[in-house]
Amino acid sequence: MSIKDLLETVESQDLEKRNVAFDTDGIIFLSAYKYKDEPNNEEVIYADVFMRIQSIEAEIWKSYAVDKTILALTSKKNFRHELTDKWKQDRVKNEEDMNDKQLASHREALRLRKMVSHTKVLLRERMASSPNYTIIVNNVGEADDIVIDLANREGYLVVAMDSDVIGQCNTPVFNYHKKRWCWMHEGRDEAGIFKSILYITMTGGHNGSFGVKGMGKVGAVKFIDKLVSGEKGLEDYVNLFETSDDCLVNFRVASCRQVIDGKVKLASINDINDGIEMLSVF
């Protein structure tokens with residue numbers, strides 16, 4: 001009997017029934033990193049991923065009765081690669097320009113990415129006919145985009161440890177990071193989500209090639225506060241960037257709310273303006 005079958009035997013009539021979407025990329029990376037030095041580690045990594053998923057499900061069942069479960073994966077290409085050649089450019093490096101320490105770190109990162117990619121293939125192959133899980137992977141968006149769309153459009157609970165996902169979902173998000181392991185919020189409102197996106201556009205988030213040059217976390221928060229108060233507006237925000245096109249690219253890179261039902265709807269300057277006007281109302 002699987003953990004899911006076992007949990008379903010628990011008296012859960014008082015629990016709200018919800019669907020759940022996993023941002024599975026991070027789970028796979030954690031397992032790959034944990035067993036990166038194990039010989040013939042492919043099966044070990046796969047097994048560890050599955051155990052992590054079941055452990056998270058057991059935690060979710062304490063608060064909700066799980067109905068459908070979707071495991072979202074990122075493919076090699078998505079719409080952000082078409083926006084700018086800067087997307088993930090930090091992963092393309094010339095080994096001849098590296099010192100020994102940098103070279104060792106770079107090659108380990110490449111090895112980890114291969115492990116992650118191979119584990120994704122195993123998941124897709126072995127769980128394709130699973131009655132308990134549905135795998136979603138496409139060339140449109142990343143796993144982030146998939147789970148956020150399911151949350152915001154269909155009300156799915158989300159499992160993720162990525163700050164981008166946590167900040168842009170309007171449903172509860174379970175953070176499976178070992179040091180967190182908790183529900184992060186009970187669903188953000190539109191103003192909170194828009195603030196999160198603006199914060200990433202200015203600081204760059206974990207996308208090191210983006211953001212406003214010289215803009216730190218404190219500066220970004222202060223600027224958002226001025227947008228809320230009405231002291232600053234769209235023109236001031238656009239002027240933070242070198243050009244209006246640069247402003248738009250940064251926003252489109254940061255926003256995980258542009259993939260709707262498998263189709264891309266890129267944000268426009270008008271969308272950004274509408275968001276800023278909304279902030280001054282709240």
Side-chain angles (χ1 to χ4, degrees), residues 3-4 7-8 10-27 30 52-72 132-134 136 141-203 205-206 217 220-221 224-225 227-229 254-261 267 271 274-282:
I3 288 181
K4 189 165 187 175
L7 290 170
E8 287 175 346
V10 177
E11 294 184 4
S12 60
Q13 62 269 26
D14 293 331
L15 296 178
E16 180 184 359
K17 183 177 286 189
R18 298 291 292 270
N19 298 330
V20 180
F22 281 69
D23 179 357
T24 319
D25 287 1
I27 296 174
L30 289 177
R52 288 176 188 268
I53 290 171
Q54 292 195 318
S55 295
I56 294 167
E57 284 187 309
E59 186 68 31
I60 294 173
W61 269 85
K62 294 178 181 179
S63 303
Y64 300 95
V66 179
D67 189 10
K68 298 178 182 178
T69 300
I70 286 177
L71 305 180
N132 297 325
Y133 304 98
T134 299
I136 293 184
E142 296 189 337
D144 295 9
D145 304 294
I146 294 169
V147 300
I148 289 174
D149 177 46
L150 289 168
N152 296 346
R153 186 169 52 85
E154 299 188 31
Y156 273 68
L157 301 174
V158 168
V159 174
M161 66 176 184
D162 190 314
S163 59
D164 292 359
V165 179
I166 293 170
Q168 297 184 46
C169 280
N170 63 10
T171 62
V173 179
F174 184 77
N175 186 342
Y176 57 82
H177 191 286
K178 184 178 179 180
K179 294 182 180 179
R180 306 291 188 272
W181 195 256
C182 62
W183 292 101
M184 297 304 296
H185 56 72
E186 291 303 316
R188 290 181 180 271
D189 60 22
E190 287 299 309
I193 291 172
F194 188 72
K195 287 179 184 178
S196 178
I197 297 171
L198 288 181
Y199 179 83
I200 298 168
T201 67
M202 288 186 278
T203 63
H206 49 250
K217 297 178 181 179
V221 171
I224 291 172
D225 288 342
L227 291 174
V228 173
S229 69
S255 176
C256 298
R257 291 161 56 88
Q258 300 169 101
V259 175
I260 303 172
D261 197 16
D271 292 327
D274 289 344
I276 290 175
E277 290 183 350
M278 171 189 63
L279 290 181
S280 62
V281 171
F282 273 80

_Closest contact, heavy atoms only, Val147 versus Ala72_ = CG1-CB, 3.7 Å
*Between CG on residue Asp274 and CG on residue Leu279, distance to nearest 0.5 Å*: 11.0 Å
*Which salt bridge (charged side-chain N to carboxylate O under 4.0 Å, His left out) pairs, counting each pair once, include a residue from residues 151-161, with sequence neighbours left out?*
Asp149-Arg153, Arg153-Asp261
*Closest heavy-atom contact between Ser280 and Leu227?*
CB-O, 4.1 Å
*Keeping the roles fixed (side chain from Asn152, backbone from Asn170), state whether a donor-acceptor pair exists under 3.5 Å.*
yes
*asked:* Rounded to the nearest 0.5 Å, what separates atom CD1 in Ile197 from atom CD in Gln258?
replied: 8.0 Å
*asked:* Are the side chains of Tyr133 and Thr69 in contact, using a 4.5 Å heavy-atom criterion?
replied: yes
*What is the distance from atom OG of Ser55 to atom CD1 of Ile60, rounded to the nearest 0.5 Å?*
11.0 Å
*Where do Phe194 and Gly275 come nearest, in terms of heavy atoms and distance?*
CE2-C, 3.4 Å
*Heavy-atom side-chain proximity of Thr171 to Tyr156 below 4.5 angstrom*: no
*Mark yes or no for whether Arg18, through its side chain, and Gly155, through its backbone, hold a donor-acceptor pair below 3.5 Å.*
yes
*Pairwise side-chain contact, Leu157 with Phe174, heavy-atom cut-off 4.5 Å (strictly under)*: no
*At their closest point, which heavy atom of Asp145 faces which heavy atom of Cys256, and how far apart are they?*
OD1-CA, 3.2 Å
_Pair Val173-Asn175, side-chain contact (heavy atoms from CB on, under 4.5 Å): steps then yes or no_ = CA-CA 6 Å; Val173 179; Asn175 186 342; 5.6 Å; no
*asked:* Test your reading of the model: is there a side-chain donor-acceptor pair from His185 to the backbone of Ile166, 3.5 Å cut-off?
replied: yes
_Can you confirm whether Ile70 sits close enough to Asn19 that some side-chain heavy atom of one is under 4.5 Å from a side-chain heavy atom of the other?_
no
*For the residue pair Ile56 and Trp181, establish whether any side-chain heavy-atom pair is separated by less than 4.5 Å.*
yes
*Any side-chain heavy-atom pair from Val158 and Ile148 closer than 4.5 angstrom?*
no
_Checking side chain to side chain contact (heavy atoms under 4.5 Å, CB included) between Leu71 and each of Thr134, Ile136, Ile53, which is the one that passes?_
Ile53
*Heavy-atom closest contact (Glu190 atom, Arg257 atom, distance)*: OE1-NH2, 2.7 Å
*Output the distance between atom OH (Tyr199) and atom CD1 (Ile224), rounded to the nearest 0.5 Å.*
8.0 Å
*Kindly indicate whether the side chain of Tyr176, heavy atoms from C-beta on, has any atom under 4.5 Å from the side chain of Leu30.*
yes
*Take Met161 and Arg180 through the test side-chain contact (heavy atoms from CB on, under 4.5 Å) and record every step on the way to the result.*
CA-CA 9 Å; Met161 66 176 184; Arg180 306 291 188 272; over 6 Å; no
*Out of curiosity, Glu57 CD to Asn132 CG, how far, rounded to the nearest 0.5 Å?*
7.5 Å
*Under 3.5 Å, is there a donor-acceptor pair between the side chain of Gln168 and the main chain of Asp144?*
no
*Could you go through the side-chain contact (heavy atoms from CB on, under 4.5 Å) check for Lys195 and Val228 one step at a time?*
CA-CA 9 Å; Lys195 287 179 184 178; Val228 173; 3.8 Å; yes
*In Å, rounded to the nearest 0.5 Å, how long is the span from NE2 of His177 to SG of Cys182?*
11.0 Å
*With a 4.5 Å limit on heavy-atom distance, are the side chains of Ile146 and Phe22 in contact?*
no
*Which atom names give the shortest non-hydrogen contact between Val259 and Gly141, and what distance separates them?*
CG2-CA, 4.1 Å
